[in-house]
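In what follows, residues are counted from 1 in the order of the sequence shown.
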Amino acid sequence: MYTAHPDRYADMPYRRTGRSGLRLPAISLGLWHNFGPDRPVETQRAILRRAFDLGVTHFDLANNYGPPPGAAESALGEALKADFTGLRDELVISTKAGYRMWPGPYGEFGSRKYLLSSLDQSLERMGLDYVDIFYSHRHDPDTPLEETMGALHSAVQQGKALYVGVSNYSAEQTREAARILGELGTPLLIHQPRYSMLDRRPETEGLLDALDELQVGSIVYSPLEQGLLSSRYLDGIPEGSRAASDSPFLNSDAVTEELVGRLRALDDLAKGRGQTLAQLALAWALRGGRVTSALVGASSAQQIEDSVAATRNLDFDADELARIDEIVTV
């Protein structure tokens with residue numbers, strides 16, 4: 001029988017999400033790749049338990065996470081029943097809908113039919129009455145934004161979500177989504193973009209500026225750039241790694257000698273700060289408080305421990321930031 005650690009809130013920083021009353025842990029756990037039937041159930045549950053013991057109160061999912069699609073939500077549902085009975089009010093659970101989930105014209109994108117049907121299915125898989133955050137996972141170019149945002153508003157009105165967010169929306173799309181939701185009376189809580197030292201688009205394309213102006217929170221995914229910003233690739237492509245498998249998310253062609261040289265330089269800088277490369281990358285994403293939370297995946301309890309340890313040193317001096325910029329923009 002799992003008993004949560006009594007000091008689970010002692011060390012984790014919690015950051016207010018935009019102008020809302022919701023605070024998220026600086027490190028959140030994403031259940032993207034490691035919560036399907038190909039992973040031992042006890043390992044999955046051990047990751048969730050250790051994360052919660054370290055103050056990671058936010059578990060982030062989407063309808064299509066697994067593999068196969070839906071498996072991550074089902075795995076979380078089983079873990080909630082086994083380990084987290086009585087702890088639901090201490091958890092923030094989010095899910096999303098937008099990518100293909102089932103065959104036919106109603107199984108993806110941003111229609112009202114798809115979003116609300118998907119949410120019902122997600123709740124059933126997780127055994128929940130509501131999620132804390134429900135996202136539109138991607139912008140739908142063929143559905144009026146009023147319909148997509150109206151569906152998010154309906155989820156709140158129906159009591160199936162407490163807050164709503166968007167993911168993978170441009171700065172302008174985010175501004176328009178926030179305007180529509182504001183008129184409906186359901187504020188846009190949060191945006192989930194991809195962001196890392198190697199992917200600065202939220203900065204260069206004005207998304208972070210838009211979120212600042214709108215007072216909308218942000219939770220960034222892939223802050224470790226699919227594992228590139230970790231120790232795994234400091235000597236090239238290791239056997240069994242994501243790049244070695246030619247994953248659609250990280251191709252072996254991306255791991256060039258030039259990139260490995262940059263990673264080694266970043267690793268040297270991290271060691272000077274008493275951090276691993278992964279901890280440096282997470283701290284960089286969270287620097288200055290502009291980002292609310294950083295999403296990490298984990299295939300073991302040790303990995304979530306290592307990620308949470310990044311919060312012990314989130315401060316950078318001007319020379320360190322300049323050096324990072326010099327390394328990654330060569």
Look at the side-chain heavy atoms of Ile, Leu, Val, Met, Phe, Trp and Tyr, link any pair under 4.5 Å apart, and say whether [X] and [Y] land in one connected group.
| X | Y | value |
| --- | --- | --- |
| Leu211 | Val164 | yes |
| Leu80 | Phe134 | yes |
| Leu228 | Tyr221 | no |
| Leu184 | Ile190 | no |
| Leu280 | Ile27 | yes |

Determine yes or no for a side-chain-to-main-chain donor-acceptor pair under 3.5 angstrom, with [X] supplying the side chain and [Y] the backbone.
| X | Y | result |
| --- | --- | --- |
| Arg232 | Gly227 | no |
| His191 | Val216 | no |
| Gln275 | Asn313 | yes |
| Arg125 | Ala72 | no |
| Glu320 | Asp317 | yes |
| Arg262 | Leu198 | no |
| Asp140 | Phe109 | no |
| Glu147 | Pro144 | no |
| Tyr114 | Tyr99 | yes |
| Thr186 | Leu181 | no |

*Under the side chain to side chain contact (heavy atoms under 4.5 Å, CB included) test, residues paired with Arg200 that sit two or more places apart*: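 By the side chain to side chain contact (heavy atoms under 4.5 Å, CB included) rule, Arg200 matches Glu203, Thr204, Trp284, Ile324, Asp325, Val328.
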_Whether Asp11 and Arg312 form a salt bridge (side-chain N of Lys/Arg under 4.0 Å from carboxylate O of Asp/Glu) is what I want to check._
no
_Walk me through whether Tyr9 and Glu90 qualify under side chain to side chain donor-acceptor pair (under 3.5 Å)._
CA-CA 11 Å; Tyr9 299 116; Glu90 295 185 44; 2.4 Å; yes
*What is the distance from atom OG1 of Thr57 to atom CG of Leu24, rounded to the nearest 0.5 Å?*
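Between atom OG1 of Thr57 and atom CG of Leu24 there are 7.0 Å.
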*If you measure from OG on Ser307 to CG on Leu224, what distance do you get to the nearest 0.5 Å?*
6.0 Å
*Show your working on side chain to side chain donor-acceptor pair (under 3.5 Å) between Asn63 and Ser118 and close with a plain yes or no.*
CA-CA 7 Å; Asn63 57 358; Ser118 178; 2.9 Å; yes
*Can you check whether Phe84 and Tyr2 have ring centres sitting under 6.0 Å from each other?*
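Phe84 vs Tyr2: aromatic centres under 6.0 Å.
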Any donor-acceptor pair under 3.5 Å linking the side-chain atoms of [Y] with those of [X]?
| X | Y | result |
| --- | --- | --- |
| Tyr135 | Asn168 | no |
| Ser136 | Thr148 | no |
| Ser222 | Gln226 | yes |
| Ser299 | Asn34 | no |
| His58 | Ser94 | yes |

*Would you verify whether the NZ or CZ of Arg88 falls within 45 degrees of the ring axis of Tyr130 while also being under 6.0 Å from that six-membered ring's centre?*
yes
*Would Arg201 count as a cation-pi partner of Tyr195, with NZ or CZ less than 6.0 Å from the six-membered ring centre and within 45° of the ring normal?*
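Pair Arg201/Tyr195 does not count as cation-pi.
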